[in-house]
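A quick write-up on the structure given underneath.
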Protein chains: 4
Amino acid sequence: MPRPDVSDERKREILKAALNIFNSKGFTAARMEDIAREAKLSVGAVYWYYKSKDDVILAIMDKVIADDMAVMKQLLNETGTVRQRLIKYLQEGAQEGIVYLPLTYELYTLAQRNAKVRHHIQKHIAHYHDALAEIIQQGIQRGEIRKVNSQVVATTLSALYEGALELAMLDSKNIDVTKTLTQSVNIIFDGIAT
Amino acid sequence: MPRPDVSDERKREILKAALNIFNSKGFTAARMEDIAREAKLSVGAVYWYYKSKDDVILAIMDKVIADDMAVMKQLLNETGTVRQRLIKYLQEGAQEGIVYLPLTYELYTLAQRNAKVRHHIQKHIAHYHDALAEIIQQGIQRGEIRKVNSQVVATTLSALYEGALELAMLDSKNIDVTKTLTQSVNIIFDGIAT
Amino acid sequence: MPRPDVSDERKREILKAALNIFNSKGFTAARMEDIAREAKLSVGAVYWYYKSKDDVILAIMDKVIADDMAVMKQLLNETGTVRQRLIKYLQEGAQEGIVYLPLTYELYTLAQRNAKVRHHIQKHIAHYHDALAEIIQQGIQRGEIRKVNSQVVATTLSALYEGALELAMLDSKNIDVTKTLTQSVNIIFDGIAT
Amino acid sequence: MPRPDVSDERKREILKAALNIFNSKGFTAARMEDIAREAKLSVGAVYWYYKSKDDVILAIMDKVIADDMAVMKQLLNETGTVRQRLIKYLQEGAQEGIVYLPLTYELYTLAQRNAKVRHHIQKHIAHYHDALAEIIQQGIQRGEIRKVNSQVVATTLSALYEGALELAMLDSKNIDVTKTLTQSVNIIFDGIAT
DNA sequence: CATGAATGAGTTTTCATTCAT
DNA sequence: AATGAATGAAAACTCATTCAT
């Protein structure tokens, strides 16, 4: 009688542990032993499931992005005006995103020297822009927004979002992401409203 | 008869070398020997001027920020409408900034775990926002911009700027900073114009 | 009703697997897992039959030598002149021996630091020399060979055999064992013929 | 005033240390720390001169072979009959060779899985055979040896030499290299004498 | 001031062996 | 008997830092 396959379970546990460790210490300072301890396993066990530290990092990236996508998709099926929905979308995205922002910045930094990481992130950004552009397009069709290039506005909103998170990460005392995003998006909507 | 002090000269050379090495390899991967070689010095000589790798990193941060400030100040004394000046300001800032963006991201990542770095960057951001707010204020006084909270707009512009650079860094093929910034700033100006 | 003992069968399978793995990878590089996979067993199962890697190596040694002995004995019961029989004997021995020569050299190397291995091999060499000496003795009795010290000639032939295999192992392109052995044995027989 | 370059000196010291350690423990069991201690250096210092353990091994191989060549060349300029010279040549070579025979066998074993090592050894063997063939040729010209293929005889002598060393290594109690070689070479000379 | 050889603590990774199931 | 996940003790290698010259 075969025992249930613990492989997936363990991998998830290790990834969760790695997520915490990487987020609080950074990729470089994080020791494989830290991850093992956090996952309540031995170092060897971690290596049983992931063949190197880089492997864990890549898996983390996949997970972070996949989770992000899930949040995104869910937020797209909301009701209300486009302005309201976008503000809610960006705000909630930011609230989720800020928790693992240190890790995100580790990934961005890594992306500059690792093509695989970079391409993964690029694909993610493209998805994200498309989702934003789609909402904008809806706004145009409903007459809430005047005829603008939805891709351009999507990029603007995306840059705003990323920038707001960055500023908040660097100076959380003086910069409130939610407030900043709300105000900024309103300014932009004033500029593109019919 | 005292010989001329070569100390400052050497320090500057080391910093310039470190800037290049850090920018292309990242803080962690960069070795003190790399910096020494780039500066055409011995490892020991580098340690004569800076007492640790961290010391060099902190000095680099000071330099990067100081240089950035200098560019900023210069751009503030331009002529033209506020919209024109701002676009020019952000565009040229971006052009300068993108060269050492990898290094900037190394610093941002570091900032999350190092209070000294973080505070330095926060001060810089404050300066930057003030400069932007000042221009906005001028625009309001000149009647180009309607009465808005200049700090809010400054934060929006700053977030936009940072976000645009980030997107460009991550996906330079598909995202053109200059174009993105121009279009975005125009949308915002449409939103805040009188 | 006792089930048939699969123990010996399994042990033989493991040894056969180990023989191949050790021969192609060497003792050090070979992992227990490699052996297990080759034997279509789990690592734990291998440890059920052999209590350590060294145990497997020692068993391999026994097997290699036993197999070699079997070949030897068989070849001694041939017909023809002593010269012919010897050439055939050495040639066929070489043909068998060269397949597992890498493994043999692993064992020789090991023998220098492991008394048990060394003694085993020494006993084998003694057997081998005795067999050769016996053939030489026959040659003397039959008048094919002049009165020589059969042990000395046996050692010479043995050295020649081992050396020829070694040279062939190191440079199979330029050195043909069979040819080398034939020519060498002929030279020696010219030297000891009546 | 530049200090004298200690680089060559250190490299030689490390190699000497490595030679001893490798010879007594074998490549695998030898730790870099063992070599460092033997050379009275730190591990880091060893890595300052050789960038990996394999590097040290390859350097050792070069040294062993170079030293061997030196012995060879020296022995070729001797006087006496070819038979006498050859016996002296092989005997003295064996006396030198037997000291580092364990190491030699490590190299032979390694050669089977490392092309670089293999090719190096092959070149060495070729040199060695050529030297032997040259002596044989002289013997033919001087009328001491009848017209034989000198390369074949050289290979025979070489195999004999290698085999005698091997047997001696495996069973030094019962096999005396010097005696074995003398007797064997005499048998062969009886076979090829005019 | 400057050199660059030397140090050694710290990290990733491997793998023989064990053991709960 | 058999499995294969888990352990943990090595071991190779790196590199910031020091220091004799």
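Numbers restart at 1 for each chain; the letters A, B, ... are given by sequence-line order, proteins then strands.
Among the nucleotides F/dT17, E/dT14, F/dG4, the one closest to the side chain of A/Y47 is E/dT14. Here the nucleotide nearest the side chain of A/M32, chosen from E/dA2, E/dT12, F/dA16, is E/dT12. Taking the side chain of D/R10 as heavy atoms from C-beta on, and the options F/dT17, F/dG8, E/dA6, the nearest nucleotide is E/dA6.
Closest approach of C/Y50 to C/A59, counting heavy atoms only: CE2-CB, 3.7 Å. The minimum heavy-atom distance linking A/L170 with B/Q122 is given by the pair O-NE2, 2.7 Å.
With rounding to whole Å, D/R37 atom CZ is found 11 Å from F/dA11 atom P. D/Y50 has its OH atom 16 Å from the C1' atom of E/dA6, to the nearest Å. When rounded to the nearest whole Å, the span between NZ of A/K53 and C1' of E/dG10 equals 12 Å. Atom-to-atom, CD1 of C/I35 to P of E/dA16 comes out at 8 Å; the value is rounded to the nearest Å. Rounded to whole Å, the distance from CZ on B/F27 to C1' on F/dC15 is 17 Å.
If you find the closest nucleotide of DNA chain E to A/K51 and to C/K51, the one lying nearer the 5' end belongs to A/K51. Along DNA chain E, the nucleotide closest to B/K40 and the one closest to D/K40 are compared, and the more 5′ of them pairs with B/K40. The residue among D/V43 and B/G44 whose nearest nucleotide of DNA chain F is located toward the 5' end is D/V43. Nearest-nucleotide positions on DNA chain F for C/L41 and D/D54 put C/L41 closer to the 5' end.
Looking at heavy-atom distances under 4.0 Å, D/A30 makes contact with sugar-phosphate atoms alone, never a base. Here A/Y49 lies in heavy-atom contact (under 4.0 Å) with sugar-phosphate atoms only.
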Whenever both distances are under 3.5 Å in a Watson-Crick or G-U wobble pair, mark it; put DNA chain E into dot-bracket that way, with [ ] for crossing pairs and | when the partner is on another strand. .||||||||||||||||||||
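Here the straight-line distance linking atom OH of C/Y105 with atom CG of D/L110 works out to 14.5 Å at 0.5 Å rounding. A/S24 OG to B/Q112 CD: the interatomic distance, rounded to the nearest 0.5 Å, is 11.5 Å. Expressed to the nearest 0.5 Å, how far CD1 of C/I14 lies from CD1 of C/I35 amounts to 9.0 Å.
A close approach under 4.0 Å does occur between a side-chain nitrogen or oxygen of A/W48 and OP1 or OP2 of F/dA5. The phosphate of F/dA12 has OP1 or OP2 within less than 4.0 Å of a side-chain N or O from D/R31.
Under 4.0 Å is where a charged nitrogen must lie from a carboxylate oxygen, and between A/K16 and A/E13 no such pair does.
Counting heavy atoms from C-beta on, the side chains of D/T109 and D/R113 come closer than 4.5 Å.
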